[in-house]
Structures are given as C-alpha cells and as structure tokens.
Colleague: 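Quick one: the structure is below, questions incoming.
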2 protein chains.
Amino acid sequence: MPTRPSARDRLLDAAESVLFSSGIRATPVDELLRQAEVSPATMYAHFGSKDALVAQALRRRLADWQRVWDAHVLAAGDDTSRLLALFDALAAYREDRTTRWCAFLATAAEHTAQEGEIADAVAADTALLAERLLHLAGPIAGATAQELADEVLLVYNGTLASFLRGAPASAVVVGRRLAESAVEAHRSAAERS
Amino acid sequence: MPTRPSARDRLLDAAESVLFSSGIRATPVDELLRQAEVSPATMYAHFGSKDALVAQALRRRLADWQRVWDAHVLAAGDDTSRLLALFDALAAYREDRTTRWCAFLATAAEHTAQEGEIADAVAADTALLAERLLHLAGPIAGATAQELADEVLLVYNGTLASFLRGAPASAVVVGRRLAESAVEAHRSAAERS
DNA sequence: GTCTATACAACGATAGAC
DNA sequence: GTCTATCGTTGTATAGAC
C-alpha cells in the first residue's frame, strides 16, 4: 500500500508542476497549498517563505535535470555525440514534464535580484552548463574549446527561449542542427592546424 | 524653452525605463507614478489599467526597434550583411537603452496568458522577426530560406537569453558568428545544387 | 506536525473636488 | 486633465490550539 508523500514533498511537487509553467509571481501561495492539500502554517514551518520553497524546488529540479543529462552523455558513443547529448537530454526531459520553457531562466526573468537563494539556484544551473560544456568541448575543439562551449551554450539558451516565443517551431531540431554545424566548423579548423 | 512631456509620455517613458529591467509584476504602479510624477487618477484616465500601459509601452518599443533594425538593414551592402544586420542593430539598440535582455520575451515570461493586448504585443514582435528574417534569407538560401530564417531566429533568441543568463559573455559576438556559419552552410549548399 | 483563523501590508483601481 | 484621499482585494505570513 503506497504511503502518501509527506507534506514537504507534496509542496515541492506542487511547486514544480505549477510554479514554472504558470509563473512564480503569478502563482499565489494559496494555490500551492490547495494543490498540495497543506495548510499555510505547515508550509511556513517547513520552508519559512515562498522564496525558500521556490529555491528548494529549483535545487531539486537541477538535480533531476543533471541526472537526465548525465544518462544521455554516458549513452553517447563519441565526442561529438557526447556534446550534442545536451539536446537529446533536453528533448527527453521535456517529454516527461510540464514546462513552458526553462525553470531557471524563467525564474531569472521574474527575479531581478542578483542575490539570495533564488539567484543562487539559477546561477548553479548556469555554472553546471558552462563547466560541463567546456569539458565536453575539449576533446573536439582543443584550443578553441571555450569558443565552442560558448556557442553551444548560446544555442541551448536559444532553444529554450524559442519555446517561450513559440518560434521557431521544432526548436530542439533547429538547435541541434546549429550545434552540429558549430562542432563541424571547429573540427575542420582543428584538422587544418 | 523645452516643453515638459505630457503626462502620457512621461508615463510611457517611466514604464519603458523601469518595467522591462526590473520586471513588470515586480514593479508596482506607484513606482511608475512616482517616476513620471503623475497621479493615479491621471494614469488610469489615460490608460485604464496597468496592463494597458504595459501594452502601449511594448507597442512603442516595437516601433523603435523596428526603426533601428530598418536602418541597419538599409545600410548593409549585400544579402548576407542585410541578414546579419539583425545583430548589429541589436548591439546598437542595447547601447542606447537599459534592458536586461528583451522586453518582449521578458513580458512573455511573466505573462502566461495567451490572450489579451499584452500577448498581442509580444506576438507582434515574433511576427515581425519571422516575416523579415524569411524575407532576408530568401536571396541567400533560396529553397531552404525557411530553414535559415529559423536558425537565425533561434540564434537571436539565444543571444537575448544569454544576456539574461549572463553566459556566455559577449553574446552578440557569439551569436553573430553562429548566424554567419549558418549562412555559410546554406550558401555553399545552394551553390552545390 | 498539522490545523483554523487572522493579522498586516501591498497593490490595483476609483470617487469626488478643482 | 489633474489632483488628494480612499476603497476593496489579494497575498504573504503568523498566532494560538490540538
């Protein structure tokens, strides 16, 4: 017999399913409480504030995303596939969830404050992307790995922002194709040298 | 002797300078009123609601942006330069204003509602981009013009989103380089056929 | 740990006078 | 057209009981 998740987990689930698709500021705490079937007092006992709940939900989400990305990198067979696995992971990640575009960029867009735990959670996503892409670009581009990593990160950002804009359609396909071209350009440049 | 701008214009100026850098929902009407030195009643007499003021500010901003983009396209000397003028216009546009990333995408991120005058203003930006890029891509890519236009739009979205993320740095430079690669790929493909 | 009830502040919008 | 003063609502957070 399946145990009902704790109030804390129900709140995080509600936060994840509503906050990043309907907007953080647009979603009152009451709605999260209703969906989680939790009283205000319990929520504030667990998290202390709405912002803290948001930050927690973001941290959990980053861990989830990291796992999905990891799995796709590990499943890839060569250097190029490992770098481009970012886009396959993105496609897979989106199939299983309800996100308009990107929880982290959406949060950054709503919260202009550059300090605090929410900003930190967003920065963690950016740091993860920058670090891993640089690492994955190394075997392909050598001396210009930083440039390639920058290009792939920009294309990734563009894929996410294209979901938000609603154009171009099939953003993952277009993004992957662009990233592939960038890889090809660096690969042939590295061969020439 | 310079006349003081009308209350209406002062409100639109205040909206533009604050709303899209600090966030729409995060900015109370009171702050716009203070900055514009206008009373609540006057504002509501002119616009009727905060949302209507936002929509008006977006419409004015789109017209401004369109003018800047136009000028850069006209100044360009060849097909490729005309298509890539998007990025030169973006760099010039940003030098003159205070925007965190993009007023239209930021508004879309905050307002999940798909109907209403605010959503319409955002959609107008997307429509302008899609239409013009397709037109500019035609002479370069011929039969695959739609694909090239999609790629440039995604890179443009990525450049804007990179401002928001704070990475990669020099997003306009990276974006322009990516768009240039996309053009080159289509040009050589068109020559082969 | 969890509840009900409520305090307190912020915000969007309006009334009525000039 | 513009002002001052204020209304009604919503939203975050807490008090106090169980």
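Chain A is the first sequence line, chain B the second, and so forth, proteins listed ahead of strands; every chain is numbered from 1.
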Colleague: Taking only the side-chain heavy atoms of Thr42(A) (C-beta and beyond), determine which of dT2(C), dC3(D), dG12(C) contains the nearest atom.
Modeller: dT2(C)
Colleague: Which nucleotide wins on minimum distance to the side chain of Pro28(A), given the candidates dT2(C), dT12(D), dT2(D)?
Modeller: dT12(D)
Colleague: Okay, side chain of Arg10(B), backbone of Glu37(B): is any donor-acceptor separation there less than 3.5 Å?
Modeller: yes
Colleague: How many whole angstroms separate atom CZ of Arg25(A) from atom P of dA10(C)?
Modeller: 14 Å
Colleague: Just by modelled atom types, is the Ala185(B) backbone N or O under 3.5 Å from a matching donor or acceptor in the Ser188(B) side chain?
Modeller: yes
Colleague: Would you kindly say whether His186(A) and Glu151(A) are connected by a side-chain donor-acceptor distance under 3.5 Å?
Modeller: yes
Colleague: In whole angstrom, what separates Leu33(A)'s CG from dG1(C)'s C1'?
Modeller: 15 Å
Colleague: If I take atom CG in residue Leu11(B) and atom P in nucleotide dG12(C), what distance separates them, rounded to the nearest angstrom?
Modeller: 14 Å
Colleague: Phe47(A) has an atom CZ; how far is it from atom C1' of dT12(D), in whole Å?
Modeller: 16 Å
Colleague: Will you find, in the side chains of Ser39(B) and Thr42(B), an N or O donor that is under 3.5 Å from an N or O acceptor?
Modeller: yes
Colleague: Please report, rounded to the nearest Å, how far the C1' atom of dT4(D) is from the CE atom of Met43(B).
Modeller: 17 Å
Colleague: Can you tell me which nucleotide in dA13(C), dT2(C), dG11(D) comes closest to the side chain of Pro40(B)?
Modeller: dA13(C)
Colleague: Bend angle of the helix from dG1(C)-dC18(D) to dC18(C)-dG1(D) from five-pair axes at both ends, rounded to 10°?
Modeller: 10°
Colleague: What's the OH-P distance between Tyr44(A) and dC3(C), to the nearest Å?
Modeller: 15 Å
Colleague: Rounded to the nearest angstrom, tell me the gap between atom CZ in Arg34(A) and atom P in dT4(C).
Modeller: 14 Å
Colleague: The side chain of Val29(A) lies closest to which of these nucleotides: dT12(D), dT2(D), dC11(C)?
Modeller: dT12(D)
Colleague: Keeping Ser170(B) on the side-chain end and Val173(B) on the backbone end, is there a donor-acceptor pair under 3.5 Å?
Modeller: no
Colleague: State the OH-SG distance between Tyr93(A) and Cys102(A), to the nearest 0.5 angstrom.
Modeller: 8.5 Å
Colleague: If you assign each of Ile24(A) and Ala41(A) to its closest nucleotide in DNA chain D, which residue comes earlier from the 5' end?
Modeller: Ile24(A)
Colleague: Answer yes or no: is there a donor N or O on one side and an acceptor on the other, between the side chain of Lys50(A) and the main chain of Ile24(A), under 3.5 Å?
Modeller: yes
Colleague: What is the distance, to the nearest angstrom, from the NZ atom on Lys50(A) to the P atom on dG11(D)?
Modeller: 9 Å
